[in-house]
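Here is the naming used below: chain letters follow the sequence lines, and residue numbers restart at 1 for every chain. Quick note: numbers below take in every heavy atom, side chains included, and nothing from hydrogens, waters or symmetry partners. If you're wondering where the values come from, they're calculated on a predicted model, not measured in any experiment.
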There are 2 protein chains.
Amino acid sequence: MTSGETMPEKPELDFPRPLTTVDVVIFAIRSDALQVLLVQRPKAETEPFPGAWGLPGGFVDIAGDRDLEACAARKLKDKTGVVSPYLEQLGSWGSAGRDPRGWSATHAYFALLPEQAAGGALAADAQWFAVEGERVRPKLAFDHAEILQAAVQRLRSKVEYTSLPAYLMPVEFTLPELQRTYEIVLDRPLEKSAFRTRMLAADLIEPVAKMRKGPNRPAQLYRLKKAKAPVFFARTFNPPD
Amino acid sequence: MTSGETMPEKPELDFPRPLTTVDVVIFAIRSDALQVLLVQRPKAETEPFPGAWGLPGGFVDIAGDRDLEACAARKLKDKTGVVSPYLEQLGSWGSAGRDPRGWSATHAYFALLPEQAAGGALAADAQWFAVEGERVRPKLAFDHAEILQAAVQRLRSKVEYTSLPAYLMPVEFTLPELQRTYEIVLDRPLEKSAFRTRMLAADLIEPVAKMRKGPNRPAQLYRLKKAKAPVFFARTFNPPD
DNA sequence: TAAGTTAGTTGGACTGTACAACTAAGTATG
DNA sequence: CATACTTAGTTGTACAGTCCAACTAACTTA
């Protein structure tokens, strides 16, 4: 017990403890859409939700995991082979009913992967799914649909006033490409000139001496500045009403 | 396990589980200052951090607590006797070393109490402490200083662009009193006219047919509208630089 | 009646977005 | 080789809301 609650005579260390897990919501932009990485649960009938899709995650390894974030980073690396440039705690879900095996609590994280990292080799049981609204097509195990919904809401909310989408970009990118990423996540168009003004005013990106060439006018390429901490803006974009 | 991680032959239900607790950071405005409720740990030498101050909290009661939030609400009520109008999950902290008894994880919440609720009778081991910067005077048990710091940061951050301080007010209050609460939490002065414009434009408060009388010009009294969900503003106040 | 204090309003400067029209630079087409 | 088409990027005006400062309003006390 980590509190000052009045205690009985002897420590309650033998009290039943909840099952404790960590789950990770991993986002990336793929095929011009926001996608999330899911894993298929084993099909053994002894398992809860056999064969269903769910968030990557699992038990905390008391022997191997130093802390919760290290545990989340480990699970992310297990499934994608890469280290995420952005890993944030999302919240925790714990209740008597969310796992059929008994009272359980999960610590949820969410991660952003740049496009190239999301294109690498996945674990055999892992697969990308498009986020449609705040959900995915398959019915998810446990309360993972609820956790995913919270993750999408948190992501959309923060994209309104931070530079988080920069972590979804490749090393070099153009301003229209960055704007497109914002628009994909927010699912609404943004004003071009206001977007450029804001991004260039923030001490966030710097031009590289190259252009992105395509069928039309070439665009200036930028990269994130060394200071990689996300930038917070003083306003949201279009007051979403 | 609440995830799709590949599993060994049999369920790992016998794996060692972390100690699991819930802690609550309870804020109120008292004596024109931001204060937090702490409890003194029992002095028995068998306890970790005997006699030290810490956050209210304790073990999850698998038999009695439906979910984590109910557990947090219970602990809040135990110490203050009241129900908070605002209870938000703050995050979770889990590691091998934060509790001397072994690998442990705590689910932290933060709550806002209106002045009158904070003035009631407390549990015998509980006491209010002024928040100075992002800390309190006494050295806290476990990693509670870190959790408190995160709570203060979260509160200050949200006060920049939400109506959260309204939950720290009594039922009826004036606009200057509300502004003073914002200033206490943010620890910086705000512009009077911009503050009034913002608050009155938000569909947040409504005037009551009474005035606050004092030694000077009386002030219009307001109360929160029925729709009690916090309001999000499109801008922060003074870009805190 | 005058001074002091706090409540509340008003107006101009300034910042940054909204909207729309414009110029710039490339490819593809006839 | 001229023209259309597309996307990159700029410019200008309107507007919303804050910042800053001065102002008026209402009450108490001396």
Side-chain angles (χ1 to χ4, degrees), chain A residues 32 159-163 165 169-170 172-184 186 188-223 231-241, chain B residues 32 159-163 165 169-170 172-184 186 188-223 231-241:
Chain A
D32 211 41
V159 166
E160 289 286 351
Y161 60 92
T162 71
S163 62
M169 305 303 292
E172 296 182 346
F173 53 87
T174 69
L175 276 178
E177 287 165 357
L178 181 59
Q179 180 174 352
R180 179 69 192 136
T181 297
Y182 270 84
E183 291 173 339
I184 288 171
L186 290 177
R188 76 167 191 271
L190 296 180
E191 276 305 310
K192 180 171 49 167
S193 69
F195 181 84
R196 297 178 66 94
T197 303
R198 174 183 289 204
M199 289 303 150
L200 293 174
D203 189 41
L204 177 68
I205 58 179
E206 57 191 2
V208 298
K210 276 189 285 181
M211 306 292 279
R212 166 87 73 225
K213 298 196 174 152
N216 308 308
R217 175 174 173 174
Q220 179 65 53
L221 280 167
Y222 295 85
R223 67 171 171 222
V231 172
F232 287 72
F233 303 110
R235 305 189 185 182
T236 60
F237 279 103
N238 225 339
D241 294 332
Chain B
D32 211 41
V159 165
E160 288 287 352
Y161 60 91
T162 71
S163 62
M169 305 303 293
E172 295 182 346
F173 54 89
T174 69
L175 276 178
E177 287 165 357
L178 180 59
Q179 180 174 352
R180 180 69 192 136
T181 296
Y182 269 84
E183 291 173 339
I184 288 170
L186 291 177
R188 77 168 190 271
L190 297 179
E191 276 305 309
K192 179 170 53 168
S193 68
F195 181 84
R196 297 178 67 93
T197 302
R198 174 184 287 204
M199 289 304 149
L200 293 173
D203 189 41
L204 175 69
I205 58 179
E206 57 191 2
V208 299
K210 276 189 286 182
M211 306 292 278
R212 167 86 74 225
K213 297 196 175 150
N216 307 308
R217 173 174 174 173
Q220 179 65 53
L221 280 167
Y222 294 85
R223 66 171 171 223
V231 171
F232 287 72
F233 303 110
R235 305 189 184 181
T236 59
F237 279 104
N238 223 338
D241 293 332

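- If you run side chain to side chain contact (heavy atoms under 4.5 Å, CB included) between A/T174 and each of A/M169, A/R212, A/R180, only A/R212 comes through.
- A donor-acceptor contact under 3.5 Å is not formed by the side chain of B/S193 with the base of D/dC19.
- Along DNA chain C, the nucleotide nearest to A/R217 and the one nearest to A/A194 differ in position, and the one closer to the 5' end is contacted by A/A194.
- We find that NZ of B/K192 is positioned 14 Å from P of D/dA25, with the value rounded to whole Å.
- Whole-Å rounding puts the A/Y182 OH to C/dT17 C1' distance at 15 Å.
- When rounded to the nearest whole Å, the span between CG of A/L221 and P of C/dA25 equals 17 Å.
- Rounded to whole Å, the distance from CG on A/N216 to P on D/dG9 is 12 Å.
- Residue order along DNA chain D, read from the 5' end via each residue's closest nucleotide, puts A/P215 first among A/P215 and A/L175.
- Remark: side-chain polar atoms of B/E183 are paired, donor with acceptor, to backbone N or O of B/L190 under 3.5 angstrom.
- Note: CZ (B/R196) to P (D/dG17) measures 17 Å, nearest angstrom.
- Nucleic acid contact for A/T174: none, since no nucleic acid atom lies under 4.0 Å from a heavy atom of the residue.
- Nearest to the side-chain atoms of B/T197 among the listed nucleotides C/dA7, C/dG26, D/dT18 stands D/dT18.
- We find that CD of B/E191 is positioned 8 Å from P of D/dA21, with the value rounded to whole Å.
- Regarding B/K213, its NZ atom lies at a distance of 13 Å from the C1' atom of D/dT28, rounded to whole Å.
- Atom CG in B/L190 sits roughly 17 Å away from atom C1' in C/dG8 (whole-Å rounding).
- Among the atoms of the strands shown, only primed sugar atoms or phosphate atoms (P, OP1, OP2) are found under 4.0 Å from some heavy atom of B/R198.
- Between B/F195 and B/L178, the closest side-chain pair of non-hydrogen atoms falls below 4.5 Å.
- Residues B/R198 and B/R235 are in side-chain contact: their nearest non-hydrogen atoms beyond the backbone lie under 4.5 Å apart.
- Exactly one residue among B/F173, B/F237, B/F233, B/Y161 makes a ring pair (Phe, Tyr, Trp, His ring centres under 6.0 Å) with B/Y182. That residue is B/F237.
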